[in-house]
Amino acid sequence: MPVHNAEIAQTLNEYADLLEIEGANEFRVRAYRTAARNISNLPQSVAEMISNKEDLSGIPGLGKDLASKVADIVNTGKLPQLEELKEKLPPGLIEITRLAGLGPKRAGALYQKLGVTSIEELEKAAGEQKVRDLAGFGTKTEQRILEEIGRRDKLEGGQKRYQLSVIEEVAQSLLAHLKKVDGVKKAAIAGSYRRRKETVGDLDILVTHKRGAEVMKRFVEYEDVDRVVSRGDTRSTVVLRFGVQVDLRVVPEVSYGAALHYFTGSQAHNVAVRKMGVKQGLKINEYGVFKGDDRIAGKTEEEVYAQVDLPYIEPELRENTGEIQAAQKGELPQLVSLQDIRGDLHAHTRATDGRSTLEQMADAARERGYEYLAITEHSKHVTVAKGLDARGLAEHTEKIDRLNENLDGIVLLKGIEVDILEDGSLDLPDDILKRLDLLVCAVHYKFDLPADKQTERVIRGIDNPYPTILAHPTGRMIGERDPYQLDMERLMKAARETGCALEINAQPARLDLTEVHAKMAREMGIPIAISTDAHSTHELDFMRFGVYQGRRGWMEPDNVVNTRSLKDLKKLLSRK
DNA sequence: GCCGTTTTCGGCCCGACTGTTTTCAGTCG
């Protein structure tokens, strides 16, 4: 089993954590973290690069030393230096640094002075009031440690992240509350929410006001606030009853653009932009761009970028994964937007496991301004969803034909979400499939096949003469189910050869392809369908989450098949 | 440990809040 990029990144991060506790040079620690982040953002497999004898030093942040350490991880599954360090420092200390208010320095001190190696031992030491006597600690810190450990026990699985769709409502009500405060001119949700990451760990909200204290008062009094973590005039942090942490920053209006840029992140993007500023003798912070003591920009984000000779960069691209270089070369993608979408290519009705009728789905699609909607019921193998057999499908498509005759302003396409069976064959016979406008192919069982078998299965599934879209290609469900083992590079090469499109499934729990794979598909020139997989009329609105994911994958309208008119779509989906 | 339109050595983004401190370290984002 090849070592995945995520595992390499995890190993490097673990080593960085322990180095930090050991008190290593902070820039050395940072180098490991940068390398880990860049590797996890890499579309191609590092293990494969090594087996192809490719040079790893092309990866940003990887010099000679780290390249050889990464090779060790790939070849042996382990980093010898990490194993050595683990002998010296108990890995349980890393868990201690995850407690709010405790970092590497304090975890190191607890170990050196009190011999604490785990959360349990820390709880005991704090309970016996041994912690308060350590230099740099006191009664309040000791108390907080006990509180944080108690809180941690109540949480399942540690740091929780929320799906964008789940956090949206919470975030928008809080934002509306803050906008109503007298004197607030501008307000926005920044952070990973604004970058439209598939999950969000906390909320960063920015407002402009002349007197921060007034906003802060209203913020901590908000009805959903469970507890206040910190409170100042320009920055406060609370935790909502819902469990999510919210940071609020207040800046004067003249700093809005600089602050919005800063709080939108990502951190890596900000660091890169600030470094560009430093080279030009500028200081960039959340209050503006400064030359000496003079603020020379900061009212808008465009101004900030202009000072370092960059065009505006869309929030979804700000991950320091090549967007700055692309901006310098004038090669930023013109990202696809919701307005570009002209139809939905994956939807269910009551005929199988959907909750709306054909007519309702057609009306709802037309209301959203679409030209077409593909009806793609499950095939017979998915019995729990009442999947259609050949006869059921024939009857259903006749119904669609009749309905189409009476429909105005919208066309229903006849499709199927046909199961790819374990051997790679399709769940329905060719004579019925060939009568359809398009096939959406998908895997719905036997998720646990080994990578080579699973890859062969899917490739065989999409290797057919019909217009085909591979739905939710990796099968992952965020926070619930891992992607199945699949060689994505091989799969994408096959998709390119067979002319199969890949789906970005817009269900908030799927968002599959991931952003990394979406970007890879774009680079390989594989067409993408952004589809909702709607099981009811209101789920057609999930389209925006798919579009966000596409934008994070650098998708332009041309990369997305359902930005086409019906006529062009049919041309595009037909096989060469 | 990485990196170079000031550098192959000497830098490495920047600021707010808390608790422990009499001026700052640690943590966090």
Side-chain angles (χ1 to χ4, degrees), chain A residues 12 15-16 19-21 23-38 56-70 81 96-110 131-145 148 159 190-193 200-206 212 216 228-238 245-251 255 258-259 261-290 298 304 308-309 320 328:
Chain A
L12 293 177
Y15 191 50
L19 279 177
E20 210 172 15
I21 295 170
N25 178 296
E26 62 174 299
F27 300 108
R28 186 172 163 227
V29 175
R30 192 185 297 175
Y32 280 91
R33 294 204 199 287
T34 303
R37 191 178 52 241
N38 289 339
L56 296 186
S57 58
I59 300 170
L62 238 59
K64 212 173 147 194
D65 181 273
L66 270 167
S68 109
K69 287 196 168 86
V70 168
Q81 290 86 345
I96 290 177
T97 67
R98 305 269 187 262
L99 293 172
L102 288 185
K105 294 284 193 301
R106 286 181 176 152
L110 288 165
V131 172
R132 61 179 63 183
D133 296 331
L134 260 49
F137 291 76
T139 52
K140 283 198 171 175
T141 305
E142 187 177 83
Q143 196 53 42
R144 176 148 192 219
I145 287 171
E148 291 295 333
Q159 313 114 307
S192 50
Y193 181 95
V200 170
D202 61 6
L203 288 172
D204 298 290
I205 302 186
L206 171 68
M216 290 310 177
V228 178
V229 177
S230 72
R231 178 177 176 175
D233 286 349
T234 66
R235 173 179 165 176
S236 296
T237 299
V238 304
Q245 178 172 309
V246 186
D247 293 335
L248 177 67
R249 300 289 307 241
V250 184
V251 297
S255 297
H261 180 256
Y262 175 52
F263 297 123
T264 297
S266 67
Q267 196 182 16
H269 175 89
N270 287 349
V271 168
V273 170
R274 286 177 176 196
K275 276 184 184 168
M276 293 177 71
V278 169
K279 276 184 193 161
Q280 302 186 29
L282 303 173
K283 184 175 74 172
I284 303 175
N285 60 27
E286 57 264 57
Y287 298 107
V289 181
F290 295 86
V304 174
V308 289
D309 299 321
N320 198 27
Q328 284 170 324

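So you know, we letter chains A, B, ... as the sequences are listed, proteins then strands, and number each from 1.
- Positionally, the nearest nucleotide of DNA chain B for A:Thr234 lies more toward the 5' end than for the other of A:Thr234 and A:Gly136.
- Atom NZ in A:Lys279 sits roughly 13 Å away from atom P in B:dC12 (whole-Å rounding).
- A:Asp233 comes within 4.0 angstrom of the backbone, heavy atoms only, and of no base.
- Among the atoms of the strands shown, only primed sugar atoms or phosphate atoms (P, OP1, OP2) are found under 4.0 Å from some heavy atom of A:Asp204.
- We find that A:Arg30 and A:Glu20 are not joined by a salt bridge, their nearest charged nitrogen and carboxylate oxygen being 4.0 Å or further apart.
- Cation-pi geometry between A:Arg249 and A:Tyr262 is not satisfied (NZ or CZ under 6.0 Å from the ring centre, within 45° of the ring normal).
- In this structure, A:Arg106 reaches the sugar-phosphate backbone alone: every heavy-atom distance under 4.0 Å involves primed, P, OP1 or OP2 atoms, never a base.
- Looking only at side-chain heavy atoms (C-beta outward), A:Ile284 and A:Val308 come within less than 4.5 Å of each other.
- Between A:Arg274 and B:dC13 there is no side-chain N or O to OP1 or OP2 distance below 4.0 Å.
- Residues A:Leu99 and A:Thr97 fail the side-chain proximity criterion, which asks for heavy atoms closer than 4.5 Å.
- Within the nucleic acid shown, A:Leu282 has no heavy atom closer than 4.0 Å to any nucleic acid atom.
- A side-chain N or O of A:Lys69 and one of A:Tyr32 form a donor-acceptor pair less than 3.5 Å apart.
- Within 4.0 Å of A:Arg231, counting heavy atoms only, lie sugar-phosphate atoms of the nucleic acid but no base atom.
- Within the 4.0 angstrom heavy-atom criterion, only backbone atoms of the sugar-phosphate kind lie near A:Thr139; the bases stay farther away.
- Nearest nucleotide to the A:Lys275 side chain, out of B:dC12, B:dG1, B:dT18: B:dC12.
- Counting non-hydrogen atoms under 4.0 angstrom, A:Val273 reaches nothing in the nucleic acid.
- A:Tyr262 comes within contact range of at least one nucleobase, with a heavy-atom separation under 4.0 Å.
- Heavy-atom nearest nucleotides on DNA chain B were determined for A:Arg30 and for A:Asn25, and the one closer to the 5' end corresponds to A:Asn25.
- Nucleic acid contact class of A:Glu142 (heavy atoms, under 4.0 Å, all strands): none.
- The interatomic distance linking A:Lys283 (NZ) with B:dC12 (P) rounds to 14 Å, in whole Å.
- Nucleic acid contact for A:Glu286: sugar-phosphate only, since backbone atoms but no base atoms lie under 4.0 Å from a heavy atom of the residue.
- Glycosidic torsion of B:dT7 falls within 90° of 0, placing the base in syn.
- Among the protein residues, A:Ala100 comes within range of the sugar-phosphate backbone only, with heavy atoms under 4.0 Å from sugar or phosphate atoms but none that close to a base.
- Between B:dC2, B:dC13, B:dG15, one nucleotide has an atom nearer to the side chain of A:Leu66 than all others, and that is B:dC2.
- Of the nucleotides present, none pairs with B:dT8 by Watson-Crick or G-U wobble criteria with both distances under 3.5 Å.
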